[in-house]
Amino acid sequence: MAEQMPDAVSLAGVVLAGGASQRMGRDKANLPVPGPAGTSGASTMIEQVVGVIGQRCEPVFVMAAQGQPLPALQARIVRDELRGLGPLPATARGLRAAADAGAGLAFVCAVDMPLLAVDLIDDLVRRATETNAEVVLPWDGQDHYLAAVYRTDLADRADALVAGGARRMSALVDASDAQRVVMVDSRSLTNVNTDADLRALA
């Protein structure tokens with residue numbers, strides 16, 4: 001069960017796990033993540049990310065591809081209707097699912113963030129509640145659209161953008177009241193895109 005957020009914020013989690021992973025060449029969600037030094041075994045990328053998000057978010061939705069194998073997760077699985085449409089349609093469906101579950105905010109992230117930390121989620125939610133911004137995202141020289149807090153009532157706007165042909169997350173952020181949080185230490189935003197990135201975790 002997720003811990004209570006500040007000011008009784010209702011926060012869901014949305015993990016985008018159904019991407020094609022073209023640079024990696026295989027499904028990132030099921031990649032093994034080395035455990036910390038001194039521990040045995042390894043979890044998968046999706047287990048790692050859902051485990052972190054589940055400490056702060058309830059419920060957690062995993063946006064997965066049709067037929068994509070997944071381990072047992074403390075999350076609700078939502079299958080993509082069509083593959084290869086990019087992150088915005090999946091985010092729109094995730095935000096709608098979160099809104100239907102009664103959450104006012106959702107932390108939306110990519111599945112390839114094995115160093116994700118709850119402190120990042122806490123910082124973004126705190127800014128969201130202070131400013132009432134529609135989107136709060138980290139910035140470390142670039143915007144991190146898939147490690148951000150979104151108001152779930154943006155689902156309609158995201159759907160309209162998708163209907164107009166948009167596929168990138170930047171379209172939603174550009175059409176919203178967005179606040180950026182400058183990250184001094186952006187290690188928790190690390191994405192795994194190649195085998196070399198995966199090896200570096202060890």
Side-chain angles (χ1 to χ4, degrees), residues 2 11-80 82-95 97-98 106-124 137-138 140 142-150 167-169 183 185-202:
L11 180 71
V14 176
V15 182
L16 304 192
S21 306
Q22 292 178 346
R23 277 186 286 176
M24 180 63 72
R26 58 191 190 277
D27 180 12
K28 289 185 186 180
N30 290 295
L31 288 176
V33 179
T39 65
S40 60
S43 64
T44 61
M45 199 84 71
I46 185 66
E47 289 171 309
Q48 177 83 4
V49 172
V50 167
V52 172
I53 291 178
Q55 297 176 51
R56 291 294 185 268
C57 303
E58 173 66 33
V60 176
F61 297 93
V62 172
M63 314 307 291
Q66 290 288 344
Q68 180 181 12
L70 293 171
L73 298 167
Q74 294 296 313
R76 304 180 192 181
I77 311 302
V78 180
R79 298 286 178 178
D80 292 338
L82 295 171
R83 192 174 179 87
L85 295 183
L88 184 57
T91 297
R93 295 187 71 212
L95 291 178
F107 177 72
V108 179
C109 76
V111 74
D112 63 345
M113 299 179 64
L115 302 182
L116 180 66
V118 293
D119 289 349
L120 172 66
I121 301 173
D122 290 344
D123 289 345
L124 297 176
L137 66 160
D140 63 351
Q142 64 178 348
D143 288 326
H144 289 268
Y145 304 113
L146 294 182
V149 169
Y150 293 79
R167 295 293 180 263
R168 296 179 179 275
M169 294 299 296
M183 303 295 295
D185 179 3
S186 58
R187 190 166 178 267
S188 64
L189 299 171
T190 301
N191 296 109
V192 174
N193 291 308
T194 65
D195 285 322
D197 293 341
L198 188 62
R199 288 193 298 271
L201 294 176

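Computed from a predicted structure; not experimentally measured.
Closest approach of Leu16 to Met63, counting heavy atoms only: CD2-CG, 3.6 Å. The shortest heavy-atom contact between Phe61 and Ala12 is CE1-CB, 4.4 Å. Of all heavy-atom pairs between Phe107 and Cys57, the closest is CB-SG, 4.1 Å. Of all heavy-atom pairs between Ile53 and Gly13, the closest is CG2-CA, 3.9 Å. Nearest heavy atom pair, residue Gln68 against residue Ala29, reads NE2-CB, 3.6 Å. Residue Gln48 comes nearest to Ser43 through the heavy atom pair OE1-OG, 3.4 Å, listed as atom of the first residue, atom of the second, then distance.
Arg76 is not listed as a side-chain neighbour of Val62, based on a closest heavy-atom distance of 4.5 Å or more. Leu124 is not listed as a side-chain neighbour of Leu137, based on a closest heavy-atom distance of 4.5 Å or more. Side-chain contact check for Pro71 versus Asn30: some heavy-atom pair is nearer than 4.5 Å. Residues Leu146 and Val108 form a side-chain contact, since some pair of their non-hydrogen atoms from C-beta on lies under 4.5 Å apart. Residues Leu189 and Met113 have side chains in contact (heavy-atom distance under 4.5 Å, counting atoms from C-beta outward). Proximity of Ile121 to Leu11: side-chain heavy atoms (C-beta onward) are separated by under 4.5 Å at one or more points. The shortest side-chain heavy-atom distance between Arg167 and Pro89 falls under the 4.5 Å cut-off.
With rounding to the nearest 0.5 angstrom, the CG atom of Asp112 is 10.0 Å from the OG1 atom of Thr190. The structure places CG of Leu116 at 12.0 Å from CE of Met45, a figure rounded to the nearest 0.5 Å. The CG atom of Leu120 sits 9.5 Å away from the NE2 atom of His144 when rounded to the nearest 0.5 Å. For the atom pair Gln142 CD and Met183 CE, the distance stands at 12.5 Å (nearest 0.5 Å). Atom CG of residue Asp119 and atom CZ of residue Arg56 lie 7.5 Å apart, to the nearest 0.5 angstrom. Between atom OG1 of residue Thr91 and atom OH of residue Tyr150 there is a gap of 6.5 Å, rounded to the nearest 0.5 Å.
Side chain of Asp143 to backbone of Tyr145: no donor-acceptor contact under 3.5 angstrom is found. Formation of a donor-acceptor pair under 3.5 Å by the Lys28 side chain with backbone atoms of Val192 is found in this model. In terms of modelled atom types and a separation under 3.5 Å, the side chain of Arg79 and the main chain of Ala64 share no donor-acceptor contact. Glu47 contributes no side-chain N or O that, together with a main-chain N or O of Leu73, makes up a donor-acceptor pair within less than 3.5 Å.
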